[in-house]
*Asks:* 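Please read through the structure below; I'll follow up with questions.
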Amino acid sequence: MPRPPASRSDFLHEATERGFVFQCTDTDALDAALKAGPVAGYIGFDATANSLHVGSLVQIMLLRLLQRTGNKPVTLMGGGTSRIGDPSFRDEARSLLTDEQIAANLAGIRRCFDPFVRFGDGPTDAFMPNNADWLDKLGYIQLLREVGVHFSVNRMLSFDSVKSRLDRDQGLTFLEFNYSILQSYDFRELNRQYGVTLQMGGSDQWGNIVSGIDLVRRTDAKQVFGLTTPLIATASGAKMGKSAQGAVWLTADRLPVFDYWQFWRNTEDADVGRFLRLFTDLPLAEIARLEALGGAEINEAKKILATEATTLAHGAAAAQAAAEAARGLFESGSGGGEIPLALIPPDKVGEGVPAFLLVALSGLAASNAEARRLVRGGGVKVDDAVVSDEGQVFTPAQLAAGVKLSVGRKHHRLVKAG
């Protein structure tokens with residue numbers, strides 16, 4: 001889809017230049033509102049886990065950009081909608097969460113935003129409402145009469161996110177079918193209570209966003225706006241936010257900072273410029289220079305990407321420590337530093353630990369069987385020496401001192417008895 005025309009407002013101009021804009025409901029009118037500003041814009045996040053991962057980072061960076069350009073970001077927590085689960089482009093229904101799980105997840109997710117946006121009471125400070133505050137109070141008949149009357153089932157069935165489920169063996173439940181109505185209600189409630197006039201989200205949310213805009217227009221005769229971002233995949237087609245070892249979480253208790261840095265360092269060459277624009281605050285001119293580097297020099301651009309992205313999520317000191325640990329590991333061979341530590345419980349050490357079990361206990365393999373396959377395939381090193389025998393035993397003395405365990409070129413642990 002072609003980009004919107006050049007805009008004079010700082011937000012739309014930079015969002016377009018950096019590649020955040022996929023669709024916009026009325027670019028000219030939104031541009032005028034932004035120039036008159038500040039505009040309050042929101043993105044909703046359901047509490048499906050106690051952290052967010054890199055797959056949500058485009059949305060977080062868009063909220064950050066909204067604030068950097070003098071507007072007000074709203075991070076809507078889906079305490080109410082998490083009880084249903086967004087069905088958009090999912091193969092099957094989400095597992096239903098208990099109220100206790102939702103509450104715990106909401107508390108964890110809040111941590112993900114603190115490094116990226118500034119919360120407070122000022123006109124451009126972020127705030128974090130919870131849609132349970134109004135959805136929990138709704139009566140079913142009230143919702144049907146006040147809101148449901150404005151929704152066309154024919155139109156809802158035309159949404160790509162709905163059609164994709166209707167064509168699969170796992171159909172769309174009536175519970176999930178209501179999600180779009182509740183998301184639309186959120187937009188109207190945020191507009192009424194807080195003056196929010198912009199909803200943003202991934203391109204898979206286009207139908208839901210347009211429905212909310214239409215509801216506000218029909219019931220309140222107000223103009224509000226929608227903007228979506230492109231769905232991000234790597235140049236090779238892999239889903240953003242996933243690695244061979246699982247999700248790339250934004251909090252250090254779910255993923256060590258070193259591994260987060262390494263995720264960005266391992267960016268494919270073709271993605272470096274795009275990811276620098278989306279996931280760092282570097283000036284566009286500097287990004288253009290880095291993007292033009294060729295040959296081995298592109299690796300320097302990847303290190304800058306890794307350090308800048310890690311600084312945003314974990315702070316400059318942690319990012320520099322991860323960069324230094326990587327330099328020591330890959331360039332000087334010294335290792336140590338901030339390489340993630342894996343402690344082996346004393347009752348597992350016994351008279352020694354075989355290589356396959358060492359891999360499994362370190363968390364670098366999901367099971368003993370996977371660990372055996374990794375060793376047999378020559379993908380495991382201990383202290384930079386290939387381990388060829390899955391039964392090779394590492395002694396209590398070795399583990400007391402600590403060994404550097406590597407799986408492939410990208411995943412490393414300092415393994416010690418503990």
Side-chain angles (χ1 to χ4, degrees), residues 19 51-58 60-61 231-252 254-280 282 287 290-316 318-342 359 362-366 370 374 377-381 384 386 404-414:
S51 179
L52 298 175
H53 58 66
V54 167
S56 297
L57 196 52
V58 166
I60 296 173
M61 290 298 294
L231 294 181
I232 305 299
T234 65
S236 61
K239 187 175 181 180
M240 189 66 183
K242 298 287 185 180
S243 73
Q245 302 302 312
V248 182
W249 299 100
L250 298 181
T251 50
R254 297 294 303 268
L255 183 77
V257 175
F258 177 84
D259 287 0
Y260 189 80
W261 190 95
Q262 275 296 118
F263 168 77
W264 295 106
R265 169 62 181 84
N266 293 326
T267 294
E268 298 175 37
D269 291 1
D271 289 326
V272 171
R274 182 166 59 117
F275 286 3
L276 281 166
R277 283 187 286 273
L278 290 170
F279 302 117
T280 80
L282 286 177
I287 292 172
L290 293 169
E291 188 176 22
L293 296 175
E297 288 185 317
I298 196 67
N299 288 324
E300 294 307 310
K302 293 181 183 181
K303 293 175 188 176
I304 291 171
L305 167 63
T307 300
E308 292 290 326
T310 305
T311 295
L312 288 177
H314 298 290
Q320 288 300 324
E324 285 300 311
R327 186 193 63 78
L329 182 65
F330 297 112
E331 296 175 16
S332 71
S334 62
E338 294 298 316
I339 298 173
L341 175 66
V359 175
S362 73
L364 291 178
E370 181 185 353
L374 288 168
V380 175
K381 292 182 179 180
D384 299 321
V386 175
K404 185 180 76 175
L405 175 66
S406 303
V407 173
R409 293 185 298 109
K410 303 176 182 179
H411 305 288
H412 311 274
R413 293 289 185 272
L414 178 62

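The first residue in the sequence is number 1, and the count goes up from there.
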*Asks:* Could you go step by step and tell me if V380 and V386 meet the side chain to side chain contact (heavy atoms under 4.5 Å, CB included) rule?
*Replies:* CA-CA 6 Å; V380 175; V386 175; over 6 Å; no

*Asks:* If you define the side chain from C-beta out and look only at heavy atoms, does anything of W249 sit under 4.5 Å from V54?
*Replies:* no

*Asks:* Provide the closest heavy-atom pair for T311 versus A319 in the form atom of the first, atom of the second, distance.
*Replies:* OG1-CB, 3.3 Å

*Asks:* Nearest 0.5 angstrom please: N299 CG to D269 CG, how far?
*Replies:* 7.0 Å

*Asks:* Find the distance between CD (E297) and CG (L290) and round it off to the nearest 0.5 Å.
*Replies:* 10.5 Å

*Asks:* Find the distance between CG (D271) and CG (L276) and round it off to the nearest 0.5 Å.
*Replies:* 10.5 Å

*Asks:* Does any part of the side chain of E291, heavy atoms only, come nearer than 4.5 Å to the side chain of V272, both counted from C-beta?
*Replies:* no

*Asks:* Please check: side-chain N/O of E268 versus main-chain N/O of S236, any donor-acceptor pairing under 3.5 Å?
*Replies:* yes

*Asks:* Can you check whether I60 reaches L57 side chain to side chain, under 4.5 Å on heavy atoms?
*Replies:* yes

*Asks:* So which atom in H314 and which in A252 form the shortest heavy-atom distance, rounded to 0.1 Å?
*Replies:* CE1-N, 3.7 Å

*Asks:* So, do W261 and Q320 sit near enough that their side-chain heavy atoms are less than 4.5 Å apart?
*Replies:* no

*Asks:* Using a strict cut-off of less than 4.0 Å between a Lys/Arg side-chain nitrogen and an Asp/Glu carboxylate oxygen, indicate whether D259 and R413 qualify as a salt bridge.
*Replies:* yes

*Asks:* Can you give me the closest heavy-atom contact between T251 and S51, atom names plus distance?
*Replies:* OG1-OG, 2.9 Å

*Asks:* May I ask you to test the F275-I232 pair for a side-chain heavy-atom distance under 4.5 Å?
*Replies:* yes

*Asks:* What heavy-atom pair brings F258 and A326 nearest, and what distance separates the two atoms?
*Replies:* CE1-N, 3.7 Å

*Asks:* Write down the atom of L374, the atom of A365, and the distance for their closest heavy-atom approach.
*Replies:* CD1-CB, 4.0 Å

*Asks:* Determine, step by step, whether R265 and T307 satisfy the side chain to side chain contact (heavy atoms under 4.5 Å, CB included) criterion, reporting the C-alpha distance in whole Å, the side-chain angles of both residues, the deciding distance to 0.1 Å, and the verdict.
*Replies:* CA-CA 8 Å; R265 169 62 181 84; T307 300; over 6 Å; no

*Asks:* Quick one: are T280 and I304 in side-chain contact, heavy atoms under 4.5 Å?
*Replies:* no

*Asks:* Tell me if a side-chain donor or acceptor on T267 pairs with a main-chain N or O of W264 at a distance below 3.5 Å.
*Replies:* yes

*Asks:* Specify the closest pair of heavy atoms between A235 and R274, including all atoms of both residues, with the distance to one decimal.
*Replies:* N-NH2, 4.1 Å

*Asks:* Would a distance-only check, ignoring hydrogens and angles, find a side-chain to backbone donor-acceptor pair under 3.5 Å from T234 to A238?
*Replies:* yes

